[in-house]
Enquirer: 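Sending over a structure as C-alpha cells; questions will come in a sec.
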Amino acid sequence: MMKELSIYIHIPFCEQKCNYCAFASFCANEKQKEEYIDLLCKEIKTRKTKRPVKTIYIGGGTPSVLTETQIERIVVTLFENFDVYEDAEFTVEANPNSITENFLQKLKELRVNRLSVGVQSLKDKSLQKIGRLHDKNMAIEKIKLARKYFNNVSADLIVGLENENGKDLCRYAEKLLSLGVKHISCYLLEIYENTKLYQMIKNKEYCPLNEGQLIGAFNKLSNYLQDKGMERYEISNFAFEEYESKHNLNYWQRDEYLGFGLSAHSFLDGIRSCNASNFEDYKLGKTEIEKLTTKQQVEEIIMLGLRCKLGVNLSELKKLNYEIEKNDYFQDYIKQGIIKLKNDRLFLNPVFYHLSNTIISNLMP
Amino acid sequence: MKDLNLIRNFCIIAHIDHGKSTLADRLIEMTGTVSKRDMQNQILDSMELEREKGITIKLAPTRLIYEFEGKEYTLNLIDTPGHVDFTYEVSRSLAACEGAILLVDASQGVEAQTLANTYLALDNNLETIPVINKIDLPSARVEEVKKEIEEVIGFDAENCPCISAKEGLNIDQVLKAVIKDIPAPVGDESKPLKCLIFDSHYDNFKGAICLVRVFDGTVKAGDKVLMMQTGKVFEVTEVGIFVPNTKEVKELSAGDVGYIAASIKTIADVKVGDTITSAVLPIEKPLAGYKEVQPVVFCGIFPVDGAKYNELKDSLEKLKLNDASLQFTPEVSSALGYGFRCGFLGLLHLEIITERLEREFNLDIITTAPSVSYNVYKTNGDMLEISNPSNLPSAVEIDRIEEPIVKVNVFTPPEYVGTIMELCQDKRGIYTDMQYLDKKRVELKYTLPLGEIIYDFFDSLKSRTKGYASFDYEFAGFEPADLVRVDLMLNGEKCDALSLIVHKDKAYNRGRDLAERLKKIIPRQLFEVPIQACIGNKIIARETISAMRKDVLAKCYGGDISRKRKLLEKQKEGKKKMRKIGSVEIPSEAFMSILKLDDDK
C-alpha cells in the first residue's frame with residue numbers, strides 16, 4: 001500500500017486584513033482571484049501523485065471569499081488528480097461574514113465535512129478593534145447556519161485581546177459549545193511588527209493583556225473547556241473525543257503533506273519546502289527547499305511531540321542516535337515534574353505548556 | 001672599530017596617553033627608519049589591542065640613524081609599557097639605557113605615572129630630558145607645566161623641547177637633545193660579555209628571543225652563553241638589531257641594543273632582568289636589579305563550553321610563550337567545571353589576556369572575580385597562600401589572615417581631595433601624607449589593601465574625579481586583617497565561582513550588593529530562584545528572581561514547522577552563553593560583572 005498524504009490549499013485573499021495578521025493574505029479583485037485559481041489548479045496538476053489522500057484543508061486568508069464556482073474548480077481539480085479517501089477529513093476555513101447558505105451547500109456537495117470558523121471573540125467592541133468584519137450576533141447566527149450543514153464545526157478564539165479576561169473567554173466558550181461546536185483552537189495574541197495592531201499599541205490606541213494576565217486567562221479557558229469534556233490534545237487545541245483535527249495531527253506527527261498555493265508548505269521524503277510568498281515568484285514556481293539533517297529531525301520530533309498530548313516516542317529518537325536522557329536538563333526536568341516518562345514516551349506536563357519554548361529548546365540536541 | 005660616542009641608548013617615559021607612542025612614530029619617521037609607505041600609526045605597538053587601547057604592552061626597541069653636525073649617530077630607542085602593572089619591565093628597560101625622555105602632556109601636566117617613572121629613571125641613574133608634548137592643543141598650558149616639572153620633579157625645564165608629536169612639530173629638537181644631553185654608553189668590547197635581558201619574545205622558528213643591551217664584550221652566533229639567574233647555557237644561533245623589524249648582524253658589542261637567539265625552547269628560561277655572560281669566561285657578578293616576577297592578581301578562567309578545556313589550555317600555553325609573567329594551574333570548580341586559576345601582574349594584564357583569549361583564539365570564556373593572594377595562617381601553624389576564595393579553610397581552622405598592602409600615590413586637582421579621601425577611607429585606606437605640588441595639583445599618599453584596589457578602585461577614582469585623578473601603587477608587604485568569605489547560593493546551592501574574600505565590616509553590604517546584581521543579570525527561570533549571600537551558615541542577604549511568565553509559540557500556522565524549529569534553535573543557541581549551576585542558568589558574564597560598578601551608584 002502506498003503511503004498516505006495530507007493536502008493543504010492556501011487561499012490568500014481576505015475582504016479586509018485583520019489588524020493582528022502578519023500572514024500572506026491580501027484583498028484582490030475578481031480577475032486576480034481567477035488568475036490565482038488558474039495557477040493553483042496548474043500546480044495541483046503538476047504535483048499529482050498516486051498516493052492516497054487522508055485529509056484536505058483549505059485555509060487562508062479566507063477561503064469563504066471565493067465564489068461557489070471558484071471553490072468548485074479547485075476541489076474538482078484536486079479530485080481529478082488525487083485519490084482522496086471517501087471518508088477523508090476535509091476542512092474549509094470560513095469567516096462568519098462571508099458564510100452563506102449557498103456556499104455551505106456547495107461545500108457539502110464537494111464532500112467537505114468540517115468547517116473551521118474564525119470567531120476570535122464574542123465581544124463586538126473587541127472584534128471591531130482588531131478589524132474583523134463580523135459582530136457577536138453574526139458569529140452566532142452563522143455558526144447555527146453552519147451546523148445545519150456540518151456536524152463537525154470548529155471555532156478559533158484569540159486570548160489576549162484588550163479587556164478580555166478569563167471569565168469572558170469562558171462565556172464565549174460556553175456559547176460556542178451550546179451551538180454544538182466540537183473543536184476549539186485557542187491562540188495567544190502575538191504582536192508582529194509589520195501589523196496595524198503593532199502600530200496601534202505603539203500609539204497607545206490598543207492595550208492587549210500583559211503576560212501574566214494572558215497566561216491566567218488562557219489557563220482559565222483551558223480548564224473550562226476540559227471541565228466540559230474536551231481534551232487538550234495540543235497546546236492550543238481542544239476537542240471532544242473523535243473530533244481532533246486529523247489534518248493538524250498529521251503535521252504534528254510529522255506525516256507527509258503537500259501544500260498548494262502561495263506560501264504553502266510541503267513535507268515529502270524528508271524535505272520541507274515552501275512556495276514563494278509573493279505572487280510574482282509563485283507564478284515562476286519558486287520554492288524554498290530544506291533537506292532535514294538528522295539533528296533537525298530530532299529537533300522536530302521533540303518540538304512537535306512535546307506540544308501534543310501524544311508525547312514523544314523515545315525509540316524514534318534513539319533510531320536517530322539521540323539519547324535524550326543524556327541531555328543536561330533531562331534529569332532535572334524529570335525530578336521537577338516538568339516532563340514525564342511513561343511507556344517509552346515522553347510528555348510535557350501541561351502545567352508548563354506556557355513555558356514550552358524554554359523546555360523544548362533545552363531538550364533539543 | 002665602533003665609536004661609542006656615536007651611540008645613544010634612550011627610552012621615553014610618560015603617563016598613559018601623554019603621547020609616548022606617537023612621539024616614537026615621529027622619531028622613526030624623521031630618521032627615515034621606516035618609509036612613509038609602511039608607516040602605520042604607532043609602529044611599535046604591534047598588537048591590535050595595543051593600538052586600540054592606546055597603550056604599549058610589549059616592549060619594542062628600534063634603531064634610529066640620525067645625522068647631526070656632520071656625524072651619523074645610532075640612536076637606540078627602547079619603548080616602555082606605560083602601565084603600573086608592568087613597573088618591573090619598565091625598570092629593566094630603563095636599566096638598558098643611559099637616558100630617558102620624560103614626556104609630559106601640555107594640558108594634563110605631571111601625573112602619577114610621570115612621577116613614578118621619573119623615580120624609576122633616577123633609580124637607574126638616567127639622564128632625563130623633559131619634553132612637553134601636545135602644545136598644539138588649545139588647552140595647552142606650556143609655561144605652567146614647565147613650572148610644574150621644575151617644582152614637582154625638580155628638573156630644569158626652561159629650555160626643554162616643546163613639541164607636538166601629532167603635528168610633527170619640533171621633533172628635531174628632541175633628537176638634538178638626545179644626542180647632546182644623554183651620555184654615550186660606556187663599555188669595553190675586550191672584557192667578558194655582560195648583557196642585560198630587558199624583554200623577550202617568542203618566535204616559532206628561532207625559539208625564545210632575548211632582547212638585550214650589551215654592556216661589555218661581544219656576542220655572535222656560535223658563542224656559548226650563560227644565563228646567570230637560571231644557570232642555563234645556550235649556544236647563540238643568531239644576533240641582530242631592530243630597524244624596527246629584526247635584522248641579523250654579525251655581532252653585537254658593548255653599547256649595542258639588539259637581540260640574541262639561541263634555540264631556547266621556553267620563554268621561562270629567558271628571565272627579564274637576567275644577565276647573559278660568556279659560558280667560557282663568565283663575569284663574577286650579575287647586573288643588579290633582577291627580580292623574580294610574581295603575579296598579584298588571580299582569577300579563574302573557564303571555557304563556556306566545557307568541551308573546550310583543551311583549547312583553552314593550548315591557548316594559554318601559546319600566550320605564555322610570549323609572556324613569562326602569565327601563570328596558570330588547572331582548577332576544578334563545582335559550578336564551572338574544569339578551567340584554570342591564572343595569575344597576572346595586575347588588572348590590566350588580566351584584561352589583556354582575557355581579551356586576547358576571546359579575540360585571537362576565538363574562545364568564549366568565563367572569568368571569575370579577581371582576587372589577590374592572602375597569607376592564611378592556620379591554627380596548626382601552617383601557612384597557606386590562598387588566591388582562590390573557595391580554597392579558604394573553615395573559620396575554626398584559621399588563626400589569622402594577612403592581606404597584601406600597597407602604597408598608593410594619587411595625583412589630583414585640589415577640588416577632588418575630599419572625595420578621594422572619602423574613597424580611600426571607604427577602601428580601608430590609611431592616610432600617610434598630602435602635598436600641594438602647586439595650585440592645581442595635590443599628591444595624596446595612602447596605604448590600602450590591594451584587594452580593595454582591584455575591586456573597582458580605579459573606576460571609582462575616575463568617576464569621582466571626572467577622570468582628572470591618576471594613581472600609582474607599589475607593594476608594601478602583608479598585614480593582618482579581619483577577612484571572611486562571602487558565599488552565594490542560587491536556589492539553595494552554593495556557587496563556588498561566586499565566592500569572595502572580603503573584610504568583615506563590608507561583608508554585609510557586599511553580600512547584599514552582589515545578590516542585587518545577580519538578580520538583575522540572571523534571567524527568569526522556569527521556577528522562582530532565591531539568591532542568598534551567606535558567611536558560613538549565616539544568611540546575610542536574600543533576593544528572589546521570580547519565575548518566567550510566558551514562553552510559548554501558541555500558533556502553529558499551517559505546515560510551517562521550519563519557522564518554529566528555527567526559533568527554538570535560536571533560543572538554544574542563546575543558551576550557549578549560559579552556564580548551568582544546579583538547575584539555574586547564569587549568563588557567563590555574570591561572574592565578572594559582579595565586580596563592575598553600577599551606573600546608578
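Lettering of chains follows the sequences in order, A, B, ..., and the numbering in each one begins at 1. The structure displayed is predicted, hence computed values, not measured ones.
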Enquirer: Determine the minimum heavy-atom distance between Ile289(A) and Ser273(A), stating which atoms define it.
Expert: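 Heavy-atom minimum between the residues: CG1-CB, 3.9 Å.
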Enquirer: Given a strict heavy-atom distance threshold of 4.5 Å, which part of Glu585(B) is in contact with chain A: side chain, backbone, both, or neither?
Expert: side chain
Enquirer: So does Glu288(A) have more than 12 non-hydrogen atoms from other groups sitting under 6.0 Å from CD?
Expert: no
Enquirer: Students often mix this up, so state it plainly: with edges at 30° and 60°, are the rings of Tyr251(A) and Tyr257(A) parallel, tilted or perpendicular?
Expert: perpendicular
Enquirer: Less than 4.5 Å to any heavy atom of chain B: does that hold for the side chain of Tyr353(A), its backbone, both, or neither?
Expert: backbone
Enquirer: Could you tell me which residues satisfy side-chain contact (heavy atoms from CB on, under 4.5 Å) with Ala155(A), sequence neighbours excluded, listed by chain and number?
Expert: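 For Ala155(A), the residues satisfying side-chain contact (heavy atoms from CB on, under 4.5 Å) (neighbours in sequence not counted) are Val119(A), Leu176(A), Val181(A).
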Enquirer: What do you reckon, are the aromatic ring centroids of Tyr309(B) and Phe302(B) less than 6.0 Å apart?
Expert: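 Here the rings of Phe302(B) and Tyr309(B) have centres that are no less than 6.0 Å from each other.
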Enquirer: Is Asp332(A) in contact with chain B via its backbone, its side chain, both, or neither, using a 4.5 Å heavy-atom distance?
Expert: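 Side chain of Asp332(A) only, per the 4.5 Å heavy-atom cut-off to chain B.
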Enquirer: State plainly whether the residues Glu290(A) and Arg565(B) are in salt-bridge range, i.e. N to O under 4.0 Å.
Expert: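 Arg565(B) and Glu290(A): salt-bridged.
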Enquirer: Within the supplied structure, the quantity of interest is the number of heavy atoms (other residues, nucleotides, ligands) at a distance under 6.0 Å from Tyr338(B) OH; does it exceed 12?
Expert: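 At most 12 heavy atoms, drawn from other residues, nucleotides or ligands, come within 6.0 Å of this atom.
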Enquirer: If you tally heavy-atom pairs under 4.5 Å against chain A, which of Lys570(B), Glu573(B), Glu569(B) wins?
Expert: Glu569(B)
Enquirer: So what's closer than 4.5 Å to chain B heavy atoms on Ile302(A): side chain, backbone, both or neither?
Expert: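 Neither; nothing under 4.5 Å.
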Enquirer: Quick one: sort the Phe218(A) and Phe238(A) rings into parallel, tilted or perpendicular, breaks at 30° and 60°.
Expert: tilted
Enquirer: Side chain, backbone, both or neither: which part of Ile215(A) has a non-hydrogen atom closer than 4.5 Å to chain B?
Expert: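 Just its side chain gets close to chain B.
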Enquirer: Ignoring hydrogens, what is the shortest heavy-atom contact between Ser121(A) and Leu157(A)? Give both atom names and the distance.
Expert: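 So the minimum-distance heavy-atom pair works out to N-CD2, 4.2 Å.
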Enquirer: Is there any residue in residues 536-551 of chain B with a non-hydrogen atom under 4.5 Å from a non-hydrogen atom of chain A, and which ones are they?
Expert: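 Within residues 536-551 of chain B, the residues under 4.5 Å from chain A are Met548(B), Arg549(B), Lys550(B), Asp551(B).
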